[in-house]
Amino acid sequence: MKKTVAAVVTVIVVALVTFVFYDGVLNKTSEADFFSMKTYVTAKVTGYESDLCTDEIQKIVDNLDVNVLSRTAEDSLVSSVNKSGGGQLDIQTAAYVSLLLDVCEKSGGAFDFTLGAVSDLWKFGSTPEIPDPNALADALSHSGYKKISLEGGNLVMQDKSAVLDFGASGKGIALDSVKAYLETRDIKNAVVSVGGSTLLYGDKDFTVGIRNPEGNAGSYIAKLHMNEGCVSSSGSYEQFFEENGKRYHHILNPETGYPVDNGLVGVTIVSDSGLLSDALSTACFVLGIEKGSSLAAEYGCTAIFVTSDKKIYIEGDADIVEITDASYTYGN
Ligand code: AMP
Ligand code: MG
């Protein structure tokens, strides 16, 4: 009898240890943070293949930056297209460009990824300054998405001085690449942030903060409660300088070449697509609340607009938004 009890106890203990061991293996979490695409990238992956995934995520983002989208990396595809005034794109990049052209068109040109030469004049990456008006007018005259077209994967630039810039969409594109990879791996969930764009992946309830435009990077004014998807924010708090009491930031009005000044301080977009969340956050910032809401609705995305007078306007699924800073109130 004693032997039977001992045997049963042994089986239970072995089963428990095995369960705890396998649970630990299946639910292990791996984290990585690194610098890529001129911003901070963080990845937190839970599941059996989490270690493999965090290593691979870094390779995917770095590869996309250095070999494809960066316009400062010598040998990237975009650098080569900019230098040659056009060129053949791979299928994936052509698909991204095609969708970006659609955003340019639907936003009425508020989103324009040919503004590279105009952005450069503001020198946000180094020592920002107000550009010389003649230089700005000249750079603007060579910009404009209508000057480029896709012909069977071949990117044609009518004005060879136009400069493609994926600054407003590259981080979201990185999320789409990472997501496509994660779908092939054995993991439960993941949160991957590339600058202001975040991928929430897996069957889980996620909470994402909307940054306080007046505070530092760790301070939030609202929370989004959501399932998997992509969230991107654009704001005048990201890259800016002040001169004579006026703030000049990095999101430009393609008509004037000057920073957008429409009372918005931040826009957040929720979408299934990383590219759309990123591109639309910039586009909606430029368009303002009314036209930006229509654009977000056209793509079936939720948009959250934050104004300088501390109002929060929502287009789409308002239920996911919880204001956590009492100095902000709903505008609609
Ligand atoms: P984001 O932080 O995603 O809003 O992207 C801002 C970056 O996109 C800037 O640093 C520029 O490189 C680029 N950019 C600025 N204005 C525009 C615009 N109107 N349309 C597309 N890209 C822009
Ligand atoms: Mg963007």
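Keep in mind that the numbers below use all heavy atoms, side chains included, and drop hydrogens, waters and symmetry copies.
- A continuous path of ILVMFWY side-chain contacts below 4.5 Å connects Ile323 to Ile314, so both sit in one hydrophobic cluster.
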Verdict with reasoning, Ser271 to Ser273, per side chain to side chain donor-acceptor pair (under 3.5 Å): CA-CA 5 Å; Ser271 168; Ser273 151; 4.5 Å; no

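- No side-chain donor from either of Lys146 and Thr114 sits under 3.5 Å from a side-chain acceptor of the other.
- Taking a cutoff of 4.0 Å between a charged side-chain nitrogen and a carboxylate oxygen, Asp102 and Lys106 qualify as a salt bridge.
- In the model, His249 has no side-chain atom that pairs as donor or acceptor with a side-chain atom of Gln239 under 3.5 Å.
- Around the NZ atom of Lys123, the shell of radius 6.0 Å holds no more than 12 heavy atoms that belong to other residues, nucleotides or ligands.
- Side chains of Ser232 and Ser277: a donor-acceptor N/O pair is present below 3.5 angstrom, by distance only.
- For Ser98, the side chain to side chain contact (heavy atoms under 4.5 Å, CB included) test picks out Leu150, with sequence neighbours left out.
- Here the CG atom belonging to Asn262 is positioned 8.0 Å from the CD1 atom belonging to Ile289, to the nearest 0.5 angstrom.
- Side-chain atoms of Ser79 and Asn82 form no donor-acceptor pair, as typed in the model, at a separation below 3.5 Å.
- Using a 4.0 Å cut-off between charged nitrogen and carboxylate oxygen, Asp165 and Arg71 count as a salt-bridge pair.
- Among the candidates Leu224, Val267, Ile269, the single residue satisfying the side-chain contact (heavy atoms from CB on, under 4.5 Å) test with Ile304 is Leu224.
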Worked verdict on Thr72 versus Lys38 for side chain to side chain donor-acceptor pair (under 3.5 Å): CA-CA 10 Å; Thr72 49; Lys38 300 196 175 70; 2.8 Å; yes

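- Of the charged side-chain nitrogens involved, none lies within less than 4.0 Å of a carboxylate oxygen, so that Asp325 and Lys310 do not count as a salt-bridged pair.
- For the residue pair Asp51 / Ser30, a side-chain donor-acceptor distance below 3.5 Å is found, with atom types taken as modelled.
- Under the 3.5 Å distance criterion, with hydrogens and angles disregarded, a donor-acceptor pair is assigned to the side chains of Thr29 and Thr46.
- Note: Phe241 and Tyr248 have parallel aromatic rings, judged against thresholds of 30 and 60 degrees for the angle between ring planes.
- Ring centroid separation for the pair Phe240 and Trp122 does not come in under the 6.0 Å cut-off.
- Counted by atom type alone, Ser36 and Asp62 present one or more donor-acceptor pairs between their side chains at under 3.5 Å.
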Verdict with supporting geometry, Tyr145 and Phe113, ring-ring contact (aromatic ring centres under 6.0 Å, His included): CA-CA 7 Å; Tyr145 75 96; Phe113 65 118; 8.2 Å; no

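- Taken to the nearest 0.5 Å, the CG atom of Asn63 stands 9.5 Å off from the CD atom of Glu56.
- Side-chain N/O atoms of Tyr299 and Asp272 include no donor and acceptor closer than 3.5 Å.
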